[in-house]
Amino acid sequence: MALHWWIYPLLHTLHFILTSDAARSYPANEVTLLDSMSAPGDLGWVAYPPEGWEEISVMDERNTPMRTYQVCNVMEAYQNNWLRTSWIPRDGAHRIYIEIKFTLRDCNSLPGVPGTCKETFNMYYYESNNNNLWYIKETQYIKIDTIAADESFTQVDVGDRVMKLNTEVRDIGSLTKKGFYLAFQDVGACIALVSVRVYYKKCPLTIRNLAEFPDKVTEGDSSLVEVRGSCVNNSEEYDVPKMHCSADGGWLVPIGRCVCKPGYEEKKDTCQPCRPGFYKASSMDAYCMKCPPHSYSYQESSSQCTCEKNYYRAETDPKAMPCTRPPTAPENPISTTNETSIILEWSPPRDSGGRNDITYNVHCKKCAGDSRRCSVCGSGLHFIPRQFGLTYTKVLVTNLLPHMNYTFNLEALNGVSELSSRPKQYVSINVTTSQAGDAQLNVILKERRSKDSITLAWQGPDHANGVIVEYEVIYYEKNQKDQNYTVLRTKSNSMTVDGLKPGTTYVFRVKAHTSGGHGTYGGEIELETSQEDMLAIGDPNQPTIMAVSIAGGIVLLIFLVTCFVISGRHCGYIKAKQDPDEEKMQFHHGQVRLPGSRTYVHPHTYEDPNQAVRDFAKEIDASCIRIERVIGAGEFGEVCSGRLKLPGKREIYVAIKSLKAGYSEKQRRDFLSEASIMGQFDNPNIIRLEGVVTKCKPVMIITEYMENGSLDSFLRKRDGQFTVIQLVGMLRGIASGMKYLSDMNYIHRDLAARNILVNGNFVCKVSDFGLSRVLEDDPEAAYTTRGGKIPIRWTAPEAIAYRKFTSASDVWSYGIVMWEVMSYGERPYWEMSNQDVIKAIDEGYRLPAPMDCPAVLHQLMLDCWQKARGDRPKFGQIVNILDKLIRNPSCLKTLAIDAAWSGNSLQDPCTPDSSAITTVDEWLDGIKMGQYKENFASAGYTTLDTVVYINSSDLCRIGVTIVGHQKRILWSIQNLHTMANQMHGTHIQV
Ligand code: ACK
């Protein structure tokens, strides 16, 4: 049939439209089975009858033919023109899509066409496993649809794009045979079938979460198909990777993922090897990381870095941790021998090897007499807290044998010591146990004589080397030892020897057997039986006991009838208390220090003040002191810092106050009175006296050195730099020192921040104990109307008014110190004159809360400033309140408002438990971490003093892995630390 006149411009237009159609590349999720536009060669389509559909080819710009089909038999009725495609393989697809592009002429626009002209055509398919059918009956086709044009056109006007190309898509589902044919039936329309594309949909290969998902043909219906992905190279499954393929070829709902193996990191859907110098230890780490210090990786894809020579990584060390090495040996070993026991102390090694898990082992060797017979000490010795794996630099060794040379080799270890083949480094201490362990008995307390018997009683040895098992008494007639002597044994410390001759002199000697061995006999004692029966009670101070020293041994005959013995020490005074403010003592003068002693002895109770100095202060040889620099000026002379090295003790830093030349005797007395007062105190929050130099000039007082000087200037220099908890920690320390002083009935009278010293650990210690200081030394002191010189701003009203100084007036001063601390060294009452301060206080005015001061602390200050001194808290109460605040810092959150007038009473600032926490379990319960009790216990953290050294890696190790829980526990440990530091000076003691 001849081509219709309208078709040529149409084909040109189509040529333009189709070849410029960028969409000739199809979406990735469509697989084309047939494309009439791009099929090479003959399409092989069949048209019948022959005068129906007609193929028209045009060339595209690449000179390849584009085939189109047209039919336009509109002038004749009863048209039935079929165009059948070639066989199209199904290719496993379940649902097939057919996209047709065509133009359709509007019947009305064709001049003279009859009413039989159509504007639709029909589309059919026929399923078949064969591709060689040459004839299909019309009735065998299944109709897909009747296709009408969205746009038909009336005239051809290509320039204005009047002609519209229609695109229609239909689909057929549930195909079962290998392939199918499509057919287009024209029943009398004017159609140009420009393009037929047959395709199906698939979910295309993709990589998601490092898993590769292969092509997946969609299902015929609309269900989702689960597809399992496989991990890309160098990755591994973290969680089974899956996705779902939807009917329209889209991937949905990715689940699971793969992760790059150790040594590889993710880059653009692949796993790339770590570069040399980098590593990735775990597949769970995101990126390769630089090798930590002292390690390297020379190769790609390293999962860890190799430690440099002589550096190691412990099994439990994280791979990100620098490689470390064993520590050097401990340093500065010191031993303090106490006959039956030795305290060994040392300093940590100079080089910790880069780790903080240092422990110490103590190896012990003993050599009897000459050093050729040596052996390992064995299990007889007791090491407290333990011999191996010590975490502190101190150990107590008990149960030593007498007459032995002990060598203790101290070794420091850390987590990589085992890995090093280098010889271990030790530091040694040699100790020889002394005769004192012999339990030699020299003291006969009483004896009773008759004509044929003598009863002896003796005092046990001062320093027994172990538990006393029994005593051995040897006796013989005077000058008859070689002929006859008798040995008797007893478990008690008295014995009656019978069967003696009347009027005869016998010689007795006693020795003790202890679990540590046999002692040697004590001195000879000669006793004579009576001529007649009589009873004689020996007077311990009379020479009825004839103690004769052997080999220079001194017979000690003092039996202190009225003395009581505390811990084996002689206690030398009896207190006769009069007024809590002023007490007088009778005392026995002896060279004693009084740790734990309950009452302070005023140096004025001594007739000879030098004796007080001798009693309470140790005389130090001036050669042991090295003065380094002047740090201040005191009333009596310079204050210097320097070092003190006493024999057998480690060198320490000290402060040295010296008495300037040309002093009067009174000045010397007053100067040294500070030492005889300070020397009576033994508390971590009281400045410690090391000793005095009185035997040469200048006279000096040596105290511990406090690196940060006095508290007021210290705080002024660090304005705003501390947390409230740290400030409360300092206040707690001061209160604890004051509690100690008040318990000893010592009244300070000049408690102020300028008289508190601060050491390097920020531990505050009360200082300034000179007798004259309030009168002379304190620049703040002013004369009162009654003539006394008093630091008005710090002093309680009753002390200013009528010199009523008590511990309660010290509490008032403590309140002022609190205010100074919380305001970082502000001057109390600012520039008000002393007179105005006295007046204001009398009228009820009290210092307002310093800036940012918690309300509870200001309340405590106000309580210290109660007018009636009995209403003020005691220092013990203040310590308890501050402890509670440290345990419950949330109580410190509410800040005080700036208005404070007296009239408040002391209240418990925070309600939670008033009982002190003493066990690890109580502590964990208290911070609501009770679920970790077992973890702590099984890791060996059974006491609070072991807990304070825990860090976050320890917590991980013992199974506290939740970061929030770690934070809570560490935060609470921080508070325990603060308390421990304030209570013990620096650390909780072993
Ligand atoms: O505020 P500071 O530095 O601390 O200046 C004074 C100065 O000497 C005069 O008393 C300082 N000072 C007194 N005793 C000691 C001590 N034990 N350790 C360190 N400094 C001290 C004080």
Side-chain angles (χ1 to χ4, degrees), residues 616-618 620 624-646 651-660 663 667 670-693 698-719 721-722 730 733-734 737 740-741 748-781 791 794 817 820-821 823-828 985-986:
F616 298 123
K618 186 165 71 187
I620 290 177
C624 300
I625 301 164
R626 203 164 80 216
I627 297 178
E628 287 179 331
R629 62 191 179 89
V630 179
I631 54 173
E635 186 215 344
F636 296 98
E638 287 162 340
V639 183
C640 301
S641 65
R643 296 169 202 227
L644 170 68
K645 172 76 183 89
L646 292 175
E651 188 175 68
I652 55 168
Y653 286 97
V654 286
I656 304 146
K657 282 188 181 179
S658 49
L659 178 60
K660 59 185 168 232
Y663 52 83
Q667 280 174 321
D670 284 349
F671 175 72
L672 287 173
S673 70
E674 177 165 21
S676 46
I677 294 171
M678 218 190 306
Q680 298 181 48
F681 304 140
D682 182 14
N683 180 274
N685 295 107
I686 305 290
I687 191 85
R688 180 186 154 78
L689 176 74
E690 294 298 338
V692 290
V693 177
V699 174
M700 294 185 265
I701 297 176
I702 319 296
T703 64
E704 67 179 304
Y705 181 63
M706 301 292 282
E707 291 85 336
N708 283 307
S710 51
L711 179 61
D712 59 338
S713 51
F714 168 73
L715 287 172
R716 276 178 217 130
K717 271 184 257 163
R718 291 165 183 248
D719 192 0
Q721 289 177 17
F722 293 108
M730 292 176 200
I734 301 166
Y740 174 86
L741 293 181
H748 193 287
R749 298 175 185 228
D750 196 10
L751 179 59
R754 64 185 167 278
N755 290 328
I756 304 292
L757 291 169
V758 186
N759 77 5
N761 295 322
F762 303 151
V763 176
C764 291
K765 307 199 180 196
V766 181
S767 78
D768 208 9
F769 298 101
L771 277 185
S772 65
R773 74 202 190 285
V774 179
L775 296 175
E776 313 294 340
D777 193 16
D778 191 339
E780 285 291 347
W794 282 263
V817 173
E820 291 183 277
V821 168
S823 60
Y824 284 92
E826 184 80 74
R827 181 170 165 74
T986 49

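All residue numbers refer to positions in the sequence shown, counting from 1. All values derive from a computational prediction rather than experimental measurement. Ligands are counted one by one from 1 in listed order, and the atoms in each one are counted from 1 as well.
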Asker: What about M706: any of its N or O atoms under 3.5 Å from an N or O on ligand 1?
Answerer: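 The answer is yes, given that M706 and ligand 1 share an N or O pair closer than 3.5 Å.
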Asker: Run down the list L757, T703, V758, D712 and name the one with the heavy atom closest to atom 22 (C) of ligand 1.
Answerer: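 That would be L757.
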Asker: Against T703, only a single residue in E674, M678, E690 fulfils side chain to side chain contact (heavy atoms under 4.5 Å, CB included); can you say which?
Answerer: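 Going through the options one by one, the only one that passes is M678.
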Asker: Any atoms of ligand 1 less than 4.0 Å from a non-hydrogen atom of V639? List them with their elements.
Answerer: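 Taking each heavy atom of V639 in turn, ligand 1 has 8 (O), 9 (C), 13 (C) under 4.0 Å.
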Asker: Starting from atom 7 (C) of ligand 1, which protein heavy atom do you reach first, and at what distance in Å?
Answerer: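 Result for atom 7 (C) of ligand 1: G632 CA, 3.9 Å.
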Asker: Run the contact test for E704 against ligand 1 with a 4.0 Å cut-off on heavy atoms, strictly below, and give the result.
Answerer: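 E704 counts as a contact of ligand 1 under the 4.0 Å cut-off.
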Asker: Kindly say whether N755 contributes a backbone atom to a donor-acceptor pair with the side chain of D750 at under 3.5 angstrom?
Answerer: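 No: the side chain of D750 does not pair with the backbone of N755.
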Asker: For atom 3 (O) of ligand 1, what is the closest protein heavy atom, and at what distance to 0.1 Å?
Answerer: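 Answer for atom 3 (O) of ligand 1: G709 CA, 3.8 Å.
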Asker: Can you list the ligand 1 atoms lying under 4.0 Å from a non-hydrogen atom of S713?
Answerer: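 Result: 1 (O).
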Asker: Does the side chain of V699 come within less than 4.5 Å of V692's, by heavy atoms?
Answerer: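 When only atoms from C-beta onward are counted, V699 and V692 do not touch, as no gap falls below 4.5 Å.
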Asker: Check whether any N or O atom of S710, backbone or side chain, sits under 3.5 Å from an N or O atom of ligand 1, and answer yes or no.
Answerer: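 Between S710 and ligand 1, an N or O pair is found under 3.5 Å apart.
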Asker: Does atom 16 (C) of ligand 1 have a protein heavy-atom neighbour under 4.0 Å away?
Answerer: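 For atom 16 (C) of ligand 1 the answer is yes, since some protein heavy atom falls inside 4.0 Å.
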Asker: Are any of the side-chain heavy atoms of V766 and F681 separated by less than 4.5 Å?
Answerer: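 They are not in contact (no side-chain heavy atoms under 4.5 Å apart), so the answer is no.
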Asker: Which heavy-atom pair separates Y705 from S641 by the least distance, and what is that distance?
Answerer: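 Y705 and S641 have their closest heavy atoms at CE1-CB, 3.6 Å.
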Asker: Could you check if a side-chain atom of I756 sits within less than 4.5 angstrom of a side-chain atom of V821, using non-hydrogen atoms only?
Answerer: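 Counting from C-beta outward, I756 and V821 never come under 4.5 Å.
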Asker: Ignoring hydrogens, just give me the one of I631, D768, N755 whose non-hydrogen atom is nearest atom 20 (N) of ligand 1.
Answerer: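 It is I631 whose heavy atom sits nearest to atom 20 (N) of ligand 1.
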Asker: Enumerate the atoms of ligand 1 whose separation from the nearest heavy atom of A655 is less than 4.0 angstrom.
Answerer: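 This gives 15 (C), 16 (C), 17 (N), 18 (N) as the contact atoms.
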Asker: Report yes if some heavy atom in the side chain of I687 is under 4.5 Å from a heavy atom in the side chain of F769; otherwise report no.
Answerer: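 Touching, per the 4.5 Å side-chain cut-off.
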Asker: K657 versus ligand 1: do any nitrogen or oxygen atoms come within less than 3.5 Å of each other?
Answerer: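 N/O-N/O distance below 3.5 Å does not exist for this pair.
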Asker: Side chain, backbone, both or neither: which part of R754 has a heavy atom under 4.0 Å from ligand 1?
Answerer: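 It is neither part, as no heavy atom is under 4.0 Å.
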Asker: What closest approach, in Å, do E704 and I686 show between heavy atoms, and which atom pair accounts for it?
Answerer: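 It is OE2-O, 3.8 Å.
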Asker: Run the numbers for me: atoms of ligand 1, each under 4.0 Å from some heavy atom of Y705, listed by number.
Answerer: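 Near Y705, meaning under 4.0 Å from one of its heavy atoms, ligand 1 has 18 (N), 19 (C).
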Asker: Counting N and O atoms only, with roles assigned by atom type, does the side chain of Y653 sit under 3.5 Å from a partner on the main chain of E707, one being a donor and the other an acceptor?
Answerer: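 Between the backbone of E707 and the side chain of Y653 there is no qualifying donor-acceptor contact (under 3.5 Å).
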